[in-house]
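What follows is a set of notes on a single structure, which appears directly below.
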Amino acid sequence: LPVMNRRFFSPAPLQVGPLQLTGTEAHHLLHVLRAAPGDEIILFDGAGGEFSACIESTARKTVACQILQERSVNRELPAELVLGAALPKGERQRWLVEKATELGVTRLVPVETSRSTQQRVKQQRTNTPHDRLQRTVIESCKQCGRNQLMDISPTTSLDVFLRAAPAASHRWMAHPQGATSAHAKVTPAVDLPTWLLVGPEGGFPEHETTQAKTEGWQTIDLGPRILRVETAAIALTSLATLPTG
Ligand code: SAM
């Protein structure tokens, strides 16, 4: 198998020994990659573990593997990173989920603000099911080498989200013209959890930024151009995750 296609996800916890792969991953191995006995693969369970394995036999819908050994690798960020965002719809939402997974976000929280509520009511009929977003997380982890799945929380009100950040955390919210108030600079965090927040297309009204500041959040200006929600989410996340120097 080509090296880049070798990672497969198992929803069951992994340990050395025999394992039957079924479902989407077995289908991909059998009918897309035409895997054969003797092929070597890498399995991850989404909870941090990565294992080398060998295909022993194949059937129409299942692949029998032998898990050989655990590989000790850690591609997670040094500290928890929570990203709250008023999620866009459709393909832009999928894009945000994929990129946030690649950048190592621990948990994505869809946040409902006063200006996103109406939008969400309209969206409910066409809402992307959690399962589809979860599949995007898995595909992204397969591709980028991440062994820990990004969590996606249930939709949370802004008020609850702002207060959920622990007192000992970095709390940064993207807000245009944040420069007019004294604003902070984002640095990659290694010591404390980092909580980030991005608003809806309509932005945050003043009462929401005031509440956030009361709860210990700092506003961050991302430059003079107005970014769409998913661009702002990834720009802010990269400031907090990419290694400097
Ligand atoms: N007219 C809205 C406003 O004035 O806030 C624009 C909202 S923007 C399309 C959506 C979200 O992305 C904002 O709520 C903010 O969190 C973030 N954002 C976009 N551009 C930004 C920038 N230049 N600086 C800081 N945050 C930005």
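Ligands are counted one by one from 1 in listed order, and the atoms in each one are counted from 1 as well. Below, each value reflects all heavy atoms present in this structure, side chains not excepted, and no hydrogens, waters or symmetry copies.
Residues Leu77 and Val105 share a closest heavy-atom pair of CD1-N, 4.4 Å.
Between Phe204 and ligand 1, not a single N/O pair is under 3.5 Å apart. Residue-to-ligand polar distances keep Val229 apart from ligand 1: every N/O pair is separated by 3.5 Å or more. At a 3.5 angstrom cut-off on N or O pairs, Arg225 counts as close to ligand 1. For ligand 1, the polar-atom distance check against Val198 finds no nitrogen or oxygen pair separated by under 3.5 Å. For a threshold of 3.5 Å applied to N or O pairs, the pair formed by Gly203 and ligand 1 contains no separation below that value. When only interatomic distances are considered, the shortest N/O to N/O separation between Leu227 and ligand 1 falls below 3.5 Å.
Against a heavy-atom cut-off of under 4.0 Å, Glu201 is close to the following atoms of ligand 1: 2 (C), 6 (C), 7 (C), 9 (C). Ligand-side atoms of ligand 1 in range of Ile226: 6 (C), 8 (S), 9 (C), 20 (N), range being under 4.0 angstrom from any heavy atom. Listed by number with element, the atoms of ligand 1 under 4.0 Å from a non-hydrogen atom of Gly223 are 22 (C), 23 (N). The contact set between ligand 1 and Ala232, taken as ligand atoms under 4.0 Å from a residue heavy atom, comprises 12 (O), 17 (C), 18 (N), 19 (C). Close contacts of ligand 1 with His175, meaning ligand atoms under 4.0 Å from a residue heavy atom, involve 25 (C), 26 (N).
The option from Pro176, Gly199, Ala233, Pro205 that lies nearest to atom 4 (O) of ligand 1, judged by heavy atoms, is Pro176.
Among all protein heavy atoms, the one lying closest to atom 16 (O) of ligand 1 is Ala174 O, 2.6 Å. When hydrogens are left out, the protein atom nearest atom 24 (N) of ligand 1 is Leu222 N, 2.8 Å; that is the closest non-hydrogen contact.
Met150 and Phe9 fall within the same hydrophobic cluster, defined by Ile, Leu, Val, Met, Phe, Trp and Tyr side-chain heavy atoms under 4.5 Å apart, directly or through other members.
Under the 4.5 Å side-chain criterion, counting only non-hydrogen atoms from C-beta, Ile220 is not in contact with Lys185. For the pair Ile42/Phe8, no side-chain contact is recorded, criterion being any heavy-atom separation below 4.5 Å from C-beta on.
Residue contacts with ligand 1: Ile220 is included, with a non-hydrogen atom under 4.0 Å away. The closest approach between a heavy atom of Pro200 and any atom of ligand 1 is below 4.0 Å.
Going from atom CD1 of Ile138 over to atom CD of Gln143 covers 14.0 Å, rounded to the nearest 0.5 Å. Atom CD of Glu70 is separated from atom CG of Leu43 by 12.0 Å, given to the nearest 0.5 angstrom. Residue Leu222 holds its CG atom at 6.0 Å from CG of Leu227, rounded to the nearest 0.5 Å.
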Verdict with reasoning, Phe44 to Phe51, per ring-ring contact (aromatic ring centres under 6.0 Å, His included) = CA-CA 6 Å; Phe44 68 103; Phe51 294 76; over 10 Å; no
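For the pair Arg115 and Phe204, the NZ or CZ position fails the cation-pi test of under 6.0 Å to the six-membered ring centre and within 45 degrees of the ring normal.
Counting heavy atoms closer than 4.0 Å to ligand 1, residue Met173 contributes nothing at all.
Crowding of Gln15 atom CD: a count of heavy atoms from other residues, nucleotides or ligands under 6.0 Å not exceeding 12. Heavy-atom contacts from other residues, nucleotides or ligands closer than 6.0 Å to CD of Glu206 number 12 or fewer.
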